[in-house]
Amino acid sequence: MSSVEADIIWAGPRERAEALLAAISPDDPGTFEAEIVNVGDDVELRISVIGKHLKTVRSTVDDFLACLSAAEFCLRLNG
């Protein structure tokens, strides 16, 4: 059976990447894989969403992007 995969990559400081990862971790842990990878002086938060149907993967990616956006906004407000 075929599958669909989408990747989200965010780059920045480790502390922020860890906070963003914590913000999405409770959401359907079986539907994605995430890792923080060192890249130069910063890191990348790499999120892979894998599913059987494009519609499901797109919905999950949309949820993650909304959650990440809200978390990043809160982090910016708090310094």
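In the displayed structure, D41 atom CG is contacted under 6.0 Å by at most 12 heavy atoms of other residues, nucleotides or ligands.
Residues F32 and T60 fail the side-chain proximity criterion, which asks for heavy atoms closer than 4.5 Å. Side-chain contact check for K52 versus V4: every heavy-atom pair is 4.5 Å or farther apart. Between E44 and I36 there is no side-chain heavy-atom pair separated by less than 4.5 Å.
Across all their heavy atoms, L45 and A17 have their closest contact at CD2-O, 4.0 Å. Nearest heavy-atom pair, E5 versus I50, reported as atom, atom and distance to 0.1 Å: CG-CG1, 3.8 Å. Contact between C67 and A23 at its shortest, heavy atoms only, is SG-O, 3.3 Å.
Of the residues listed (I9, D7, I24), the one engaging I47 in a side chain to side chain contact (heavy atoms under 4.5 Å, CB included) is I24, and it is the only one.
Under the 4.5 Å side-chain heavy-atom criterion for Ile, Leu, Val, Met, Phe, Trp and Tyr, V43 and I8 are members of the same hydrophobic cluster. Note on V57 and L68: same hydrophobic cluster, where clusters join Ile, Leu, Val, Met, Phe, Trp and Tyr whose side-chain heavy atoms are under 4.5 Å apart, directly or indirectly.
The distance from atom NE2 of H53 to atom OG of S2, rounded to the nearest 0.5 Å, is 9.0 Å. Here the CG-CD distance, from L21 to E35, works out to 10.5 Å after rounding to the nearest 0.5 Å. Annotation: the span from L65 atom CG to W10 atom CH2 amounts to 14.0 Å, rounded to 0.5 Å. Interatomic distance, L75 CG to R16 CZ, rounded to the nearest 0.5 Å: 5.0 Å.
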Side chain to side chain contact (heavy atoms under 4.5 Å, CB included), that's the test. Do V49 and R58 meet it? Break it down for me. CA-CA 9 Å; V49 180; R58 180 180 177 192; over 6 Å; no
